[in-house]
Engineer: 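My questions all concern the structure below.
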Amino acid sequence: DGGITQSPKYLFRKEGQNVTLSCEQNLNHDAMYWYRQDPGQGLRLIYYSQIVNDFQKGDIAEGYSVSREKKESFPLTVTSAQKNPTAFYLCASSMGREFSATDTQYFGPGTRLTVL
Amino acid sequence: AQTVTQSQPEMSVQEAETVTLSCTYDTSENNYYLFWYKQPPSRQMILVIRQEAYKQQNATENRFSVNFQKAAKSFSLKISDSQLGDTAMYFCAFMWVGSQGNLIFGKGTKLSVKP
């Protein structure tokens, strides 16, 4: 059963702590993305990766870090430097490499992060 | 910088009727793609329909169709024969071909389908 999984579904963090959100895909996609969604807002891009061991900052990368050691995995760490981390986080993947008409992003079910 | 605007924060429609959601965008690029995504209460983002800017023909997917007006930078979504399961947030999104997959989203329209 192909798809994107994110864990955990809900995550609580105390202020000052780092926390890591998991994203795994078995679609054999090269590209992976992390988005943040706030109430009443659209999605905003945090980081993206087109290939293993390479990633780029998106529009709101400050306070976040990522790694891409394996093709199927793209974990996101929310650091204590992120001023307002409470949000819904969505991971996506696409075929990547050369963009084509079929290179659509498919999304995981999301992780709701709450800072206490 | 590219921007996407959805001017209708909320809309409602009766079951079986037709509804149109508006989206406008701003870009100086000529080669791009436009998308409509649906986010039901489960919060899973689901692709509804995609349009390539170089294609003049409007995309259709079953009950969903778009009205793409490139000169006006308008990309509206028409939902025909609305069903209760269409109740969701709908997001319009823009992607420039050279952006390496950077999707720019609007703020969304909350659609309620009433029985």
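Below, read A as the first sequence line, B as the second, and so on, with proteins coming before strands; counting in each chain starts at 1.
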Engineer: Does any part of the side chain of B:Gln44, heavy atoms only, come nearer than 4.5 Å to the side chain of A:Phe107, both counted from C-beta?
Structural biologist: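 Side chain of A:Phe107 against side chain of B:Gln44, heavy atoms only: contact under 4.5 Å found.
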Engineer: Count the heavy-atom pairs under 4.5 Å between each of A:Ser94, A:Gly110, A:Pro109, A:Gly58 and chain B, then report the option with the highest count.
Structural biologist: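 Between A:Ser94, A:Gly110, A:Pro109, A:Gly58, the count favours A:Pro109.
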Engineer: Test of understanding: clusters of I, L, V, M, F, W, Y form through side-chain heavy atoms closer than 4.5 Å, transitively. Do B:Ile49 and B:Val19 belong to the same one?
Structural biologist: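 Both belong to a single hydrophobic cluster.
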Engineer: What distance do A:Leu90 atom CG and B:Gln39 atom CD have between them, rounded to the nearest 0.5 Å?
Structural biologist: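 One finds 6.5 Å between CG of A:Leu90 and CD of B:Gln39.
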Engineer: Within a reach of under 6.0 Å around CG of B:Asn62, are more than 12 heavy atoms found that belong to other residues, nucleotides or ligands?
Structural biologist: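 Not more than 12 within 6.0 Å, no.
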Engineer: Could you check whether atom NZ of B:Lys70 has more than 12 heavy atoms from other residues, nucleotides or ligands sitting under 6.0 Å from it?
Structural biologist: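 Counting other residues, nucleotides and ligands, NZ of B:Lys70 exceeds 12 neighbours.
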Engineer: Just give me the residue among A:Gln41, A:Arg112, A:Gln56 that pairs up with chain B most often, heavy atom to heavy atom, under 4.5 Å.
Structural biologist: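 Among the listed options, the one with the most contacts to chain B is A:Gln41.
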Engineer: Are more than 12 heavy atoms, taken from residues, nucleotides or ligands other than B:Lys73, located less than 6.0 Å from that residue's NZ atom?
Structural biologist: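 Yes - once you tally the heavy atoms of other residues, nucleotides and ligands closer than 6.0 Å, there are more than 12.
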Engineer: On the six-membered ring of B:Phe105, is A:Arg44 placed so that its NZ or CZ lies under 6.0 angstrom from the centre and within 45° of the ring axis?
Structural biologist: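 A:Arg44 over B:Phe105 ring: no.
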Engineer: Does the side chain of A:Gln105 reach to within under 4.5 Å of the side chain of B:Met45, using non-hydrogen atoms?
Structural biologist: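 Answer no - side chains too far apart.
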Engineer: Less than 4.5 Å apart, any side-chain heavy atom of A:Leu45 and any of B:Ile104?
Structural biologist: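 A:Leu45 vs B:Ile104: side chains apart.
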Engineer: Can you tell if the side chain of A:Thr104 reaches within under 4.5 Å of the side chain of B:Tyr37, non-hydrogen atoms only?
Structural biologist: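 They are in contact (side-chain heavy atoms under 4.5 Å apart), so the answer is yes.
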Engineer: Does one hydrophobic cluster hold both B:Met11 and B:Leu77, with members joined at side-chain heavy-atom distances below 4.5 Å?
Structural biologist: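 Yes, one cluster joins them.
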Engineer: Cluster question for you: counting only ILVMFWY and a side-chain heavy-atom cut-off of under 4.5 Å, with indirect links fine, are B:Val4 and B:Phe75 together?
Structural biologist: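 Yes, B:Val4 and B:Phe75 fall within the same hydrophobic cluster.
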Engineer: Tell me, for B:Ile46 versus chain A, whether the close heavy atoms (under 4.5 Å) come from the side chain, the backbone, both or neither.
Structural biologist: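 For B:Ile46, there is no contact with chain A at all, as no heavy atom is under 4.5 Å.
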Engineer: Should the heavy atoms of other residues, nucleotides or ligands under 6.0 Å from CD of B:Gln83 be counted, would the total exceed 12?
Structural biologist: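 Yes, the 6.0 Å shell around CD holds more than 12 heavy atoms from other groups.
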